[in-house]
Amino acid sequence: LTGREPQGQVKGVNLLFVALGVVIFGSLLGEWLGINQLFGELWFWLGHQGWEYLDLGRAWQVLLALGLAGWVILLFRALAPARSDPGRREIASLFLYAAIAIPLFYLPAMFFDRTAHFSVVDTWRFWIIHLWVEGFFELFATVMVAVIFFSLGVITQQTAARVVYLDAILYLGSGIVGTGHHWYWTGQSTVTMALGATFSAMEVVPLTLLTLDAWDFLKLTEAHCDTCGKAVSIPHKWTFYFLMAVGFWNFVGAGVFGFLINLPIVSYFEVGTILTPNHGHAAMMGVFGMLAVALMVFGLRQVLADADWARVERYIRVSFWGLNLGLGLMVVTNLFPGGVLQLWDVLQHGYWHARGPEFLGGRIVRLVEWLRLPGDLVFIALGVVPLLAAMGVAYRSVKRTF
Amino acid sequence: MSAKTAKWVFYLGTLMSLVIFLSLTVDTHRQVASLTHADQLSDQVVAGKRVWHKYNCNDCHTILGFGGYYAPDMTKVYWRRGEEGIKAVVRTSEKFTTWRKMPRLAVSEQELTDLVAFLKWTSGIDTNEWPPQDTKLRRTAQGAVAMGVSPGATLFKEKGCFGCHRLYETGGTLGPELTHVGGRLDRNTIEKIMEDPRSVNPKAIMPPPPLSHDERDQLADFLVGLK
């Protein structure tokens, strides 16, 4: 957005990268040691807290929050010049606000202690799992995409800001109170279910609008750069392809599969069946995963000369199809049919049966379980490996150039 | 919609949503104690929760619907298996699981008692009648007692016999169905099985149920009557 980097920014970014590594590997190691009962009384701080998705010890959580705060400071430094320029002020500020929400809304992850009540912990847990991830991450992702389009000159600041506000209304309007759809059966009050269900039902509206949005998005990628007259899709073709994948999976994974299971009448029978990871996997890898790859490809393209890029691009092309096809196969051959079979079993014999060996040992169910293999193989061999290869080739080219 | 209108709709809409959401959170915290019988949270229940975490039960089992998807949900397991039923599964898990094995976790007897206390408390949480069909079990047991059926029938439920045996349409399939057991076995054999299952069938995998002399009598009365 500013076109240049403040002094010392590279050092800060590298430091943050190392810190991220420390938190990831440290917390994983801590969880493993904690499960093996090696921490004694320190289990809560260093080991495994025992909560799904908030497994990491409290000390690692604090470090993560500090890291996120450091990340916002780095962004603030980088964006400072843009914020004093009226032509870019609004979009730069929006970017910063969306970024500040990320460390801020991670704090509820620490609003309970080791002796907290089960249902109370679940309240705060979903402030993180739903509100933080599905609300504020989505907001940040939207702003990020708008910023990319703006900085490539595809859209004006006015359009970018408008898109961000509209998307944010959709995500946060139904998403904040919609968090309630995780609390139906965890010992919360009835009004939570009523409002949670109502707002979740409203997700049909953003879902429909997202489809229209995705269509606009497709047309945008064919657009021409205002100033240079070249089609933007040429230099950044694969970034756009990955962003289109984000739009597609947002619609399928978050939208269709998410809405399929979030009303109480479905959720009552569906909670804890494979239809939940069906939504979770498609939305997580499809939206955030593809967005991360899009940003990485954008970064690689920016640092490489045209000749070097040509060599990297071959791997990226394979990876794009590999990742999407792999994810698609996983959903179509394994998670969705498995989930439907399990839901049917809940309706026939109850939840206990559907999660017990009587159901899971069935012939068709085990066949569906094994059908996970082809999709995962495609994802890894044709998606992840070429992406790593692209990074390797790009790293060598950059090293040679500088 | 112009960018300016969108901006206002966004700020007002988000603010409103946040207010509703915060009120819900406050409301939950106000009601959670009564919805979950927090007054029954004894030291033993807390110790039991620690056992639940220590052996990482959540890795395979869900509780309140959250956790691993490999094994049944434990929210209402106390209704389903009863104290002795839960203990028997944890002590000799391999007998209760088929191709997908629950590991033997070497849980001590004290820990096991605490764990049961925790699961008993969990079963009392008001989950809006979730999970499907589990409430039916409690109704059957409570209804049976309310109707004044024999003490043996109550023992059958409380000692976790339903974990493996079926009566009519309810119960597990690991052990033989007992709906008409009184027609197949005489009282003497039934009592011998309850004392030491292997004395009748050397290949039996059923653990000897922990029953006092009187309890064995009452349960035998009940089973003999099932013809």
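Letters A, B, ... are given to chains in the order of the sequence lines, protein chains preceding strands, and every chain is numbered from 1.
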Region of [X] in contact with chain A, defined by heavy-atom distances below 4.5 Å:
X      : value
L15(B) : neither
W8(B)  : neither
N58(B) : side chain
Y70(B) : backbone

Heavy-atom pairs under 4.5 Å with chain A, option from [options] with the top count:
options                 : answer
I125(B), D73(B), N56(B) : D73(B)
L64(B), I20(B), D59(B)  : L64(B)
R50(B), K49(B), M16(B)  : R50(B)

Looking at [X], I want to see if its [atom1] is surrounded by more than 12 non-hydrogen atoms of other residues, nucleotides or ligands under 6.0 Å.
X       : atom1 : result
K159(B) : NZ    : yes
Q158(A) : CD    : no
D43(B)  : CG    : no

So which atom in [X] and which in [Y] form the shortest heavy-atom distance, rounded to 0.1 Å?
X       : Y       : result
F10(B)  : A168(A) : CE1-CB, 3.2 Å
G356(A) : P72(B)  : CA-CG, 4.0 Å
L35(B)  : G187(A) : CD1-O, 3.5 Å
P132(B) : V346(A) : CG-CG1, 3.9 Å
V177(A) : S17(B)  : CG2-O, 3.6 Å

Examine whether an atom of [X] lies under 4.5 Å from a heavy atom of chain B, and if so say whether it belongs to the side chain, the backbone or both; otherwise answer neither.
X       : result
R125(A) : side chain
D122(A) : side chain
H349(A) : backbone
F126(A) : side chain
E90(A)  : side chain

Query raised in the report: Do W352(A) and K76(B) have side-chain heavy atoms sitting under 4.5 Å apart?
Result: no
Query raised in the report: Do W130(B) and T186(A) have side chains that get closer than 4.5 Å, going by heavy atoms?
Result: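 Side-chain contact under 4.5 Å: no.
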Atom pair [atom1] ([X]) and [atom2] ([Y]), whose distance is rounded to the nearest 0.5 Å:
X       : Y       : atom1 : atom2 : answer
D126(B) : Q188(A) : CG    : CD    : 11.0 Å
R355(A) : T62(B)  : CZ    : OG1   : 3.5 Å
L131(A) : F21(B)  : CG    : CZ    : 5.0 Å
T190(A) : N128(B) : OG1   : CG    : 5.5 Å

Query raised in the report: Which of these, I169(A), L139(A), L172(A), sits in a side-chain contact (heavy atoms from CB on, under 4.5 Å) with T14(B)?
Result: L172(A)
Query raised in the report: Among residues 24-32 of chain B, which residues come closer than 4.5 Å to chain A, judged by heavy atom distances?
Result: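 Interface residues of residues 24-32 of chain B: L24(B), T25(B), D27(B), T28(B), H29(B), Q31(B), V32(B).
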Query raised in the report: For chain B, which of W124(A), W183(A), Y53(A) has the most heavy-atom pairs under 4.5 Å?
Result: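 If we count pairs closer than 4.5 Å to chain B, W124(A) comes out on top.
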**Report entry** Leading residue by heavy atom contact count with chain B [cutoff under 4.5 Å; candidates V271(A), T123(A), T192(A)]
**Finding:**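 Winner by heavy-atom pair count: V271(A).
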Query raised in the report: Step by step, would you call Y55(B) with Q37(A) a side-chain contact (heavy atoms from CB on, under 4.5 Å)?
Result: CA-CA 9 Å; Y55(B) 292 95; Q37(A) 311 299 319; over 6 Å; no
Query raised in the report: Checking side-chain contact (heavy atoms from CB on, under 4.5 Å) for the pair Y351(A)/T75(B): CA distance, chi angles, key distance, verdict?
Result: CA-CA 11 Å; Y351(A) 188 42; T75(B) 314; over 6 Å; no
Query raised in the report: Centroid-to-centroid, F118(A) to F66(B), below 6.0 Å?
Result: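 Ring centroids of F118(A) and F66(B) are no less than 6.0 Å from each other.
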**Report entry** K54(B)/W43(A) under side-chain contact (heavy atoms from CB on, under 4.5 Å): CA gap, chis, key distance, verdict
**Finding:** CA-CA 10 Å; K54(B) 179 176 172 189; W43(A) 63 274; over 6 Å; no
